[in-house]
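So the structure is just underneath, and the comments pick up after that.
The residues of the chain are indexed from 1 along the displayed sequence.
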Amino acid sequence: MTIHTLLPILTALIPLPPFLSFILIVLFFNRWKRVSHSIAIGAMFISFLMAQVVFWSVIGMGGHALAEHPIHLEIPWLPAGATALTMGVLVDPLGAFTLFFVSITCLCIFLYSVGYMSEGGRHYDPRYSRFFAYISLFATGMLGLTVADNMLMLFIFWEIMGLCSYLLIGFWWEKNYPDPRQITPRQAGLKAFMTTRVGDVIMLLGIAYLYTATGTLSFRQVLNESTLHHLASMASVIPGLSAAALIGLLLFGGTVGKSAQFPLHVWLPDAMEGPTPVSAMIHAATMVSAGVYMAVRMFPLLQVGFDAHHGQLSAPMVAMAVIGTFSAFMAATIAVAQNDIKKVLAYSTISQLAYMVAALGIGAYVAAAFHLVTHAFFKALLFLGSGSVIVGSHHEQDMMKMGGLLKRMPITAITFIIGGLALSGFPILTAGFWSKDEILAAAWSSNQVVFWVLAIGALLTAFYTSRQICLTFLGEPRSDHAAHAHEVSWTVYVPLIVLAVFAAGFGFIGVPEHFPVIGPLINNNLFHHFVGATIGELLPHGEEGFNAVPLLISVLFALTGLVGGWLVYGRRPLAAGQPDPMIKALGPLYPVLKNKYYVDEFYNAVLIQPAIKLARAVYQGLDRGLIDGILHGVAKGSFQAALGNRWFDRNVINGGVDAFVAFFQRLAREARLVLQTGQVQHYLLQVLFFVCAFAALYVILWLRQLGG
């Protein structure tokens, strides 16, 4: 039996070790902290090995060969009339690269968590074992979603991750803050769960509609040419929209919720209340990546009706282009005014995911997938780096109270700077440059409005990243925590080094062949040719000729942002207590950005408070007034009936029986006084009386017998 014969079975086993780890820790080993993390890391390492075996086995097949003959295994699962829903696994070019980055980032996060959750082995979190059980289940969800071969299985693992995000964001549920306006971990977990449920319900409607229209949820059957043509020609319940368009819009609703795009973006910044490894899992390896992955996976359906030659977009693509472009700019502007080191990265995540969504909106399928992979590496690096800063500086998260950490935490600082440069799109030397430049190049040739908004977003990204690096690592410490900062343990900085290598070098597998000097030198845009083969002739953007204009604009904006951030924050680092220069520079706009455009306040005023007031009114009027009134009336009537029944029982039933008993008791007492005198002559008279009585009775019966 060859390795290619075993690949489907091996693929199906990839999500199993973390799931077994979850069960073992919860049921048997939750009291032993080191055993728990050993089981979790060992299980994740096994899944990593299997994922890498699958990836390196299929990479040699070539994209077109794998697209035509993907690794596929399915079995019947749930009977559905004449057919049955199936469960199975699928690895095509897109799935192969997704397995590659998910397994690596998850393993790095698992190893990192040992040092973070125990502070380098000095102090273990009380729920240390539970944490490793939860992230094991989290990894199971993403790995299962990646290899799923149909929408139903994808949705099941999608919801597993939703549950895990709730459990992990609110992991420190007992934590409270003096400021009642500051959201607590418990509230943040609920907020994330409820907000993403909105998108999930919309997505579930799309799945149900898709099954109704096609009778299948299998990716291979839904995304083939005949099914797509059938959906394009079928009218939907909304006039003017085909079934394909409406299903695509509904499915995209799931991406909006999961990947935190406007208007469902509000949960992601507050998700920072969870432990930092959870932030990395959510923002890089699993949850938000799943939303974009689903959109990339379903892109052939989302683009039905797209005509690249005439600039005609499908309805889902219009929605993705508009929402993605707006979200990218909005989140980038908010990040400029944030001081929490993790919240800056949270808004950066919203912005970078929006680049991917906007890329899909203009048809840049490969660019979106490429940025999804590179973003996972450098964003995982940045979040883990921020966690190292937090632990090393004694749990300080306010960048205004940091400074000088380059000398005290050199490994963290250098790796964080590499991740920041990749996020900023620093030319040539970082993976983020190659993927972001591909999106901007596609936008330049497709839609100038999208291009310029995303380019300005890139400038802002470089600026707030430079601001973050300068405030955190340059200058002198601005607090005692920063002054006594230190590197943590090898389990923390080794994953940083591994991820830094990918953040810097992974982009070279996607260098356009027409790129000057480097393109002809490499002469193989591996990512484009391999992943692009997933949708074959449906690929809207082939590899276009080199255009220096968007490249120069991209480089200019990235360098301008980086230099601008250094000029404001790095050339003359802030002293302790010195206000942020952006407060004066932005003027009245600063509090707007600081308060995130007051979107949370708007939702609270327009949605939450009216819902609470309606609930109270219903509670007071309907529940307490009508329903409780009826129930209380019934209860009162029943109580009165019970009182009457008790009176009848006491006075009639019990009283009658008691009187009957008392009568015979009295009769017995009187008879006893008459019959039990203690005198022998009385007893002889009684005997004589009864003898005479029986004799008389006998004579009467004898006479009646003679007379008869």
TODO: Show your working on side-chain contact (heavy atoms from CB on, under 4.5 Å) between Leu381 and Phe502 and close with a plain yes or no.
DONE: CA-CA 9 Å; Leu381 170 60; Phe502 284 101; over 6 Å; no
Open item on the list: Between Tyr569 and Phe463, does the side-chain contact (heavy atoms from CB on, under 4.5 Å) criterion hold? Intermediate values first, please.
Closed with: CA-CA 10 Å; Tyr569 295 96; Phe463 178 81; 4.1 Å; yes
Open item on the list: Pair Leu496, Ser388 - check side-chain contact (heavy atoms from CB on, under 4.5 Å), show working.
Closed with: CA-CA 9 Å; Leu496 298 182; Ser388 178; 4.3 Å; yes
TODO: Go through the steps to decide whether Ser386 and Leu345 satisfy the test side-chain contact (heavy atoms from CB on, under 4.5 Å), and finish with yes or no.
DONE: CA-CA 9 Å; Ser386 70; Leu345 298 177; 4.0 Å; yes
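Scanning both residues, Ala337 and Arg467, for their nearest heavy atoms gives C-NH2, 4.5 Å. Nearest approach of Lys191 to Ile183, heavy atoms of both residues: CD-CD1, 3.9 Å. Residues Ala442 and Ala364 share a closest heavy-atom pair of CB-CB, 3.6 Å. Of all heavy-atom pairs spanning Ile428 and Phe433, the tightest one is N-CD2, 3.2 Å. Between Ala295 and Thr255 the shortest heavy-atom distance is CB-OG1, 3.7 Å. Between Asp580 and Tyr590, the closest heavy-atom pair is OD2-OH, 4.0 Å.
Ile282 is listed as a side-chain neighbour of Leu268, based on a closest heavy-atom distance under 4.5 Å. In this structure, Leu471 and Met402 have side chains that are not in contact, with every pair of non-hydrogen atoms separated by 4.5 Å or more. Side-chain contact between Lys379 and Gln352 is present, with heavy atoms from C-beta onward closer than 4.5 Å. Side chains of Phe138 and Phe22 form no contact here, defined as non-hydrogen atoms less than 4.5 Å apart. Counting heavy atoms from C-beta outward, Ser348 and Val344 have side chains that stay 4.5 Å or more apart. Residues Lys258 and Val288 have side chains not in contact (no heavy-atom distance under 4.5 Å, counting atoms from C-beta outward). Considering only heavy atoms from C-beta on, Leu107 comes within 4.5 Å of Phe45 through its side chain. When side chains are defined from C-beta on, Trp172 counts as touching Arg127, because their heavy atoms get closer than 4.5 Å.
The environment of NE2 in His486 is crowded: more than 12 heavy-atom neighbours from other residues, nucleotides or ligands sit within 6.0 Å. Shown here is Phe171, whose CZ atom has more than 12 heavy atoms of other residues, nucleotides or ligands within 6.0 Å. The number of heavy atoms from other shown groups lying within 6.0 Å of NZ (Lys401) does not exceed 12. When the shell of 6.0 Å around CD of Glu476 is examined, it contains 12 or fewer heavy atoms from other residues, nucleotides or ligands. Atom NZ of Lys175 has more than 12 neighbouring heavy atoms from other residues, nucleotides or ligands inside a 6.0 Å radius.
Screening Trp56, Tyr293, Phe530 for a ring pair (Phe, Tyr, Trp, His ring centres under 6.0 Å) involving Phe97 leaves a single residue, Phe530. Of the candidates Phe370, Phe426, Phe515, Phe378, Trp434 forms a ring pair (Phe, Tyr, Trp, His ring centres under 6.0 Å) with just one, namely Phe515. Looking at Tyr134, Tyr128, Phe132 one by one, the single match for side chain to side chain contact (heavy atoms under 4.5 Å, CB included) with Arg130 turns out to be Tyr134.
Distance check: Leu440 CG to Asn547 CG gives 12.0 Å after rounding to the nearest 0.5 Å. Rounding to the nearest 0.5 Å gives a distance of 9.5 Å between OH of Tyr112 and OG of Ser489. His481 contributes atom NE2, which lies 8.0 Å from atom OG of Ser393 (distance to the nearest 0.5 angstrom). Put simply, OG1 on Thr140 and CE on Met44 are 8.5 Å apart, with the number rounded to the nearest 0.5 Å. The CD1 atom of Ile41 sits 9.5 Å away from the OG atom of Ser136 when rounded to the nearest 0.5 Å. In this structure, the separation between NZ on Lys33 and OG on Ser38 is 13.5 Å, given to the nearest 0.5 Å.
With hydrogens and angles disregarded, a donor-acceptor distance shorter than 3.5 Å links the side chain of Arg478 to the backbone of Met400. In terms of modelled atom types and a separation under 3.5 Å, the side chain of Tyr355 and the main chain of Lys436 share no donor-acceptor contact. A donor-acceptor distance shorter than 3.5 angstrom exists from the side chain of His394 to the backbone of His484, with no hydrogens or angles considered. When atom types are taken as modelled, the side chain of Ser21 and the backbone of Pro17 share no donor-acceptor pair closer than 3.5 angstrom. Put simply, the side chain of Ser103 gets close to the backbone of Phe100: a donor and an acceptor are under 3.5 Å apart. Between the Thr286 side chain and the Met281 main chain, a donor and an acceptor come within less than 3.5 Å of each other. In this structure a side-chain-to-backbone donor-acceptor pair under 3.5 Å is present from Ser466 to Trp566. No donor-acceptor distance shorter than 3.5 angstrom exists from the side chain of Arg572 to the backbone of Leu567, with no hydrogens or angles considered. When atom types are taken as modelled, the side chain of Thr105 and the backbone of Val102 share a donor-acceptor pair closer than 3.5 angstrom. Between the Ser47 side chain and the Ile14 main chain, a donor and an acceptor come within less than 3.5 Å of each other.
For Lys342 and Phe383, the positive end is not near the middle of the six-membered ring at less than 6.0 Å and at most 45° from its axis.
Defined by atom type and a distance below 3.5 Å, a donor-acceptor pair is present between the side-chain atoms of Thr333 and Tyr597. Looking at Thr276 and Tyr116, their side chains do bring a donor and an acceptor atom within 3.5 Å of each other. There is a side-chain donor-acceptor pair under 3.5 Å between Asp340 and Gln397. Thr412 and Glu487 share a side-chain donor-acceptor pair at under 3.5 Å.
Annotation: Tyr347 is not in aromatic contact with Tyr464 [ring centroid separation under 6.0 Å not met].
Using cut-offs of 30° and 60° on the angle between ring planes, the pair Phe557 and Trp452 is tilted.
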